[in-house]
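A short write-up of the structure that comes next.
Just the heavy atoms: all of them, side chains too, but no hydrogens, waters or symmetry mates, feed the values below. Since the structure is predicted, the reported quantities are computational estimates derived from the model, not experimental observations.
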Amino acid sequence: MTKIDSQSVFTPRKGANTPLVDFWIDVMAPKFLTYRHVLVEGLTHHSDAVMPSLPLHAGDHVLDVGSGFGDTALALAKRVGPMGHVLGVDCVPGFVELSKAEAVKNAAGNLSFLCADAETDLPQGSFDYVFSRFGTMFFTNPVAGLRTMRKALKPGGRMTHVVWRARDDNPFLAAARDVLLSHLPAPDANAQTCGPGPFSMADKDVTRAQMVAAGFEDIRFHRIDAKVLVGRDVEEAIAFQLALGPAGEIFRTTGDEAERKRGKIIADLRTLFQAIPMAEDGIWMESSSWVIHARG
């Protein structure tokens, strides 16, 4: 089995990226880094529900698309063992550097990372399995991005991606968004955003059609309901929502108007989060995702 080692990592050159990739690097990445602990720990219940169900084998060569801080890639590397190999791909250089450090820290010699735009730039015909947790929803062209993932598979290879279900099934994002919309207008069509958004693949029929168009077969959906961490306490939950997700996008795109109303918005968000029973390790809210399996 051909191994893609860590020396394959490269950093996208400024100006050579798509506008979406530059937006992730310049605007989104600093916020993700600030709330890394919430994002990594907050998704553990979803990951714990998904990982054991993946039909991986010792020695498999696996691609993790949108690998973020590397936690899923590390979990996949443990599944395939020392004879296998996992390549994590993300468009944000800072995420890749942190992931590389985590791989070294965990002595994961079967794990490497590549800094690239996974929607367009993936090694072809190299992998037994392709995985993505909450990454494909941000493809600007879902069919093209999914097709790139399929082409990365060896003949007969399989893929799994995890996406959020409908907004109403995900109050951890929707509730704060509703609070913001009670004070501010929704982003207009020309607003710069992080892509189609977290609910872009919530509709089973639409997503299935996109996957069929990308060349996938034997497509199966499985629902997972699990709580996610939104903050260690009320104040962090407020700050997290104003930085990321649909609420954060509304706050960012409305600029001066948002700042003028900051006090009232924070007061309403505080009321929202104070009503949620706090666990020992923070505030957890309901969420729901699709785990989608397919064959290339």
Side-chain angles (χ1 to χ4, degrees), residues 20 22-47 66 68-71 90 92-95 97-99 102 133-135 137-138 164 167-187 191-195 197-199 226-289:
L20 179 62
D22 279 341
F23 181 79
W24 270 91
I25 293 171
D26 296 336
V27 178
M28 300 304 294
K31 300 180 182 191
F32 271 67
L33 290 166
T34 297
Y35 295 102
R36 176 187 177 190
H37 62 292
V38 176
L39 293 162
V40 172
E41 295 179 34
L43 296 175
T44 54
H45 292 177
H46 279 276
S47 295
F69 298 121
D71 51 305
D90 202 281
V92 178
F95 295 173
E97 292 306 311
L98 279 172
S99 298
E102 284 297 309
R133 184 193 67 182
F134 304 124
M137 308 167 303
F138 299 103
W164 295 118
R167 182 177 287 111
D168 290 346
D169 298 309
N170 285 285
F172 87 101
L173 291 174
R177 172 185 178 272
D178 291 344
V179 169
L180 269 289
L181 287 177
S182 70
H183 294 277
L184 300 168
Q192 193 174 25
T193 68
C194 60
F199 306 113
K227 288 188 176 183
V228 296
L229 180 70
V230 295
R232 298 290 192 191
D233 53 33
V234 169
E235 298 310 310
E236 184 173 68
I238 293 170
F240 177 70
Q241 294 287 347
L242 290 182
L244 293 169
E249 190 167 87
I250 294 167
F251 194 82
R252 175 180 55 78
T253 57
T254 46
D256 291 342
E257 183 179 1
E259 289 298 332
R260 287 195 299 271
K261 296 180 178 180
R262 177 185 283 270
K264 293 180 179 179
I265 291 169
I266 288 177
D268 285 353
L269 287 173
R270 185 173 290 113
T271 298
L272 167 68
F273 291 120
Q274 285 176 337
I276 300 170
M278 186 176 298
E280 185 175 336
D281 56 350
I283 300 172
W284 293 77
M285 295 182 69
E286 298 295 338
S287 72
S288 185
S289 64

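A heavy-atom distance below 4.5 Å is found between the side chains of Pro185 and Glu257. Side-chain contact between Thr271 and Val179 is absent, with no heavy-atom pair separated by less than 4.5 Å. Taking 4.5 Å as the limit, some side-chain heavy atom of Leu33 sits within range of a side-chain heavy atom of Phe95. Here the side chains of Val38 and Leu244 are not in contact, with every heavy-atom distance at 4.5 Å or above. Side-chain contact between Asp233 and Phe273 is absent, with no heavy atoms from C-beta onward closer than 4.5 Å. The closest side-chain heavy-atom distance from Asp71 to Arg133 is below 4.5 Å.
A donor-acceptor pair under 3.5 Å links the side-chain atoms of Gln241 to the main chain of Phe172, judged by distance alone. With Thr44 contributing its side chain and Val40 its backbone, the two residues share no donor-acceptor pair below 3.5 Å.
The two residues Thr253 and Pro187 come nearest to each other via the heavy atoms OG1-CG, 3.5 Å. Closest heavy-atom contact between Phe199 and Pro246: CE1-CG, 4.3 Å. Here the shortest heavy-atom pairing between Phe138 and Pro198 reads CE2-N, 4.1 Å. Of all heavy-atom pairs spanning Val92 and Ala29, the tightest one is CG1-CB, 3.6 Å. In this structure, Met278 and Ile283 approach most closely via the heavy-atom pair CE-CG1, 3.8 Å.
Among residue pairs with one or both ends in residues 174-184, none qualify as salt bridge (Lys or Arg N to Asp or Glu O under 4.0 Å); sequence neighbours excluded. Among residues at least two apart or in separate chains, salt bridge (Lys or Arg N to Asp or Glu O under 4.0 Å) pairs with a member in residues 28-41 are Arg36-Glu102, Glu41-Arg232.
The side chain to side chain donor-acceptor pair (under 3.5 Å) with Ser287 is formed by just one residue from the set His46, His45, Lys227; it is His46.
In this structure, Thr254 has no side chain to side chain donor-acceptor pair (under 3.5 Å) partners at least two apart in sequence or on a different chain.
We find that Glu259 and Arg262 are joined by a salt bridge, their nearest charged nitrogen and carboxylate oxygen being less than 4.0 Å apart.
Counting heavy atoms of neighbouring residues, nucleotides and ligands inside a 6.0 Å radius, atom CG of Asp256 does not exceed 12 of them.
Taking CD1 from Ile238 and CD1 from Ile265, the interatomic distance works out to 11.5 Å, rounded to the nearest 0.5 Å.
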